[in-house]
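Just so it is clear: chains get the letters A, B, ... in the order the sequence lines come, proteins before strands, and each one is counted from 1. Excluded from the calculations below are hydrogen atoms, water molecules and symmetry mates; all remaining heavy atoms, backbone and side chain alike, are included.
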Amino acid sequence: MNWINAIVQGVMLGGVYALFACGLSLMFGVMRTVNLSHGDLAVLGAFLVAVLAAAVGISPFFAVLLVLPVMGLVGVALQRGILSKALRTGEMSSMLATFGLAIVLQNVLLEIFSADSRSLDIGSLSTSGLQLGSSVSIPYLGLLTVAVAVALLGGLQLLLARTGIGRAIRATAADADTAELVGIDSRRVYAWAAAIAVATAGLAGAFFAMRSSFSPSMGPTQLLFAFEVVVIGGLGSLWGTLAGGMVLGVAQTVGAQVDPRFSIVAGHAVFLAVLAFRPQGLLGMRRSRT
Amino acid sequence: MSPSAEPMTAGAGKPAPAADSAAAPAPPVLAANGIHRRFGSLVVLEGIDITLAPGEALGIVGPNGAGKTTLLDILSGAQAPSEGSVTFQGQDVTRWKVDRRCRSGIGRSHQVPRPFTGMTAYENVLVASVQGGSHRRRAAQQHALGVLERCGMLGQANRPAAALTLLERKRLEMARALATDPQVLLLDEIAGGLTDAETDELIATIQQLRADGIAIVWIEHVIHALLRVIDRLVCLAQGRVLAEGEPDAVMSDPRVVEAYLGSAA
């Protein structure tokens, strides 16, 4: 049925959204930092993958592996150079600083790569998929995206809940001054968290670019979707972010099934409904697990 | 007598009552040397010299605004002194940040307990055991459980820190500081807000820490609690050491009575 197909496609789209929202959720929900340049950092990641793949002649998947550590370093630079200074003067200044960074990134990318859309060539993988019945097909790329999203968000959730570095991140998020009083180097913790967040933004940008065309101006839209995903899923819960991605993706594809013009509006409507009826998000506030 | 630095250091050099068995005074584990702290034109601390012998318990009293918490901040690294230095085990640690001082053996509890919310009591202590005490894996878990037991918190280990009572939070605060394996523990007004019975329990825990050889600097308004634990007392007033020495002698010093009790009445 077309409806089933719409839901399946929505889950695939939700995988990309969950990837986009992962880093934002980590910084916004766990580190209490609003990074408005998150979407543009994802676009930067997509361009880095595209340039590297074309210049060296390697598969985009291989290029992603090389770009991730670079994006991690970008995250450390962002934290050390901008966020650590901005955080001292309150949350508003980190928002303003990253908003400025977003504009700079967008315009630098525009200057270098022009406004033209481009896409990442991943060969036959972009079109092939599992055909189930006459109207339902599951693209391999979509499956891969969902698998990566589940592994990434699940892995990070386990890291936060069960490991020493995870507890250090949660302690620093709860109270950075007190975290230092129990021996935690909060500068290092913040740098690690920013590195992970920006690297995952790059990963999300790369998967988006494999799926559809991209251009320097798409950052803010993706940022908006990512924020909706984080809020739908619930602040501070990475499982919630995964679920939120799926909900937004399915809402958009099912909305499109009703009427193609209704796709984006349906996503926003679900977001508003969650805000109105379950403001803590699907999986609620921060849960503590041992 | 003018409260200049020299007579005070001389006083600090005298063997403390608890240390009278030692032939020569042990080198101090922690020392503040000529500490000044100014905020613009406001002078909060003016030439403070304090030494702490290994295993000694030092009490600090003084009226509000005397600079007690600022002094504790400077000892723990939360603030830098405008002038002067802090030495720990013979090393100059003045420029060390809080987390480094903690890992090397200076623990501190807050006046108002600040547990990590969103974590259980056990996790609060475990993170301190791993990060501050450098324990690993099973050893870290055993250490955390041992510290919770010492502070009477084993039964609350798996409760969320946010759900604890004030006494439990104060115990957790102390357990978390202990988990970092301090040689010096800085305590900031832990008896405030507790009933007498609760204070008694807390004092028993602190006496146990002393018996384990941990040196203590304790700021406290609840004097009778303080006097049951400490070897030596310092009275601060207006950023200076007003009196220092044997606790009962300091408390009956007329200048202390005037500055401290006079303002409290």
Side-chain angles (χ1 to χ4, degrees), chain A residues 25-33 80 84 87-88 156-193 233-241 280-281 283-290, chain B residues 72-73 76-79 96-110 112-137 140-141 144 157-163 172-173 175-182 185-186 188:
Chain A
S25 181
L26 192 68
M27 291 192 89
F28 184 42
V30 181
M31 306 305 291
R32 311 279 155 83
T33 303
R80 291 272 157 94
S84 67
L87 265 179
R88 263 179 247 141
L156 279 177
Q157 180 75 53
L158 284 178
L159 178 94
L160 285 176
R162 306 266 175 128
T163 68
I165 178 75
R167 273 185 288 268
I169 290 176
R170 283 155 61 209
T172 308
D175 185 341
D177 289 340
T178 303
E180 291 181 4
L181 212 49
V182 300
I184 296 169
D185 185 346
S186 63
R187 267 169 51 92
R188 250 184 81 204
V189 168
Y190 276 119
W192 268 107
L235 288 187
S237 166
L238 293 173
W239 286 125
T241 300
Q280 75 272 37
L283 295 194
M285 292 300 289
R286 299 158 54 80
R287 300 164 305 157
S288 58
R289 290 176 51 185
T290 41
Chain B
L72 221 56
D73 277 351
S76 73
Q79 291 187 40
W96 290 18
K97 293 190 165 202
V98 174
D99 56 296
R100 188 173 173 198
R101 289 196 205 188
C102 169
R103 290 193 296 272
S104 66
I106 302 178
R108 179 181 183 179
S109 74
H110 285 292
V112 178
R114 285 162 66 170
F116 299 126
T117 50
M119 294 167 81
T120 63
Y122 169 68
E123 284 183 298
N124 264 269
V125 177
L126 182 61
V127 72
S129 166
V130 171
Q131 302 289 334
S134 302
H135 295 281
R136 290 286 167 261
R137 296 170 189 281
Q141 296 167 2
N158 285 326
R159 288 179 61 200
L172 178 61
E173 183 85 10
R176 199 173 55 185
L178 276 184
T180 66
D181 288 339
L185 190 56
L186 310 173
D188 195 351

Residue pair A/Thr172 / B/Phe116, side-chain heavy-atom distance below 4.5 Å: no
Do B/Gln131 and A/Arg167 come close enough that some side-chain heavy atom pair is under 4.5 Å? no
Side-chain heavy-atom pair B/Val98, A/Leu181 within 4.5 angstrom cut-off: yes
A/Ile184 and B/Asp99: which non-hydrogen atoms are nearest, and at how many Å? O-CB, 3.2 Å
Can you confirm whether more than 12 heavy atoms, excluding those of B/Arg159, are under 6.0 Å from its CZ atom? yes
In terms of heavy-atom proximity below 4.5 Å to chain B, should A/Arg188 be classed as side chain, backbone, both, or neither? neither
Under 4.5 Å from any heavy atom of chain A, what part of B/Ile106 do you find: side chain, backbone, both or neither? neither
Side chains of B/Arg114 and A/Asp177: closer than 4.5 Å at any heavy-atom pair? yes
Above 12 or not: heavy atoms from other molecules or residues under 6.0 Å from CH2 of B/Trp96? yes
Using atom types as modelled and distance alone, determine if a side-chain donor or acceptor of B/Arg103 lies under 3.5 Å from a backbone N or O of A/Gly183. yes
Counting C-beta onward and ignoring hydrogens, is there a side-chain heavy-atom pair between A/Glu180 and B/Lys97 closer than 4.5 Å? no
What are the two closest non-hydrogen atoms of B/Ala128 and A/Val182, and how far apart are they? CB-CB, 3.7 Å
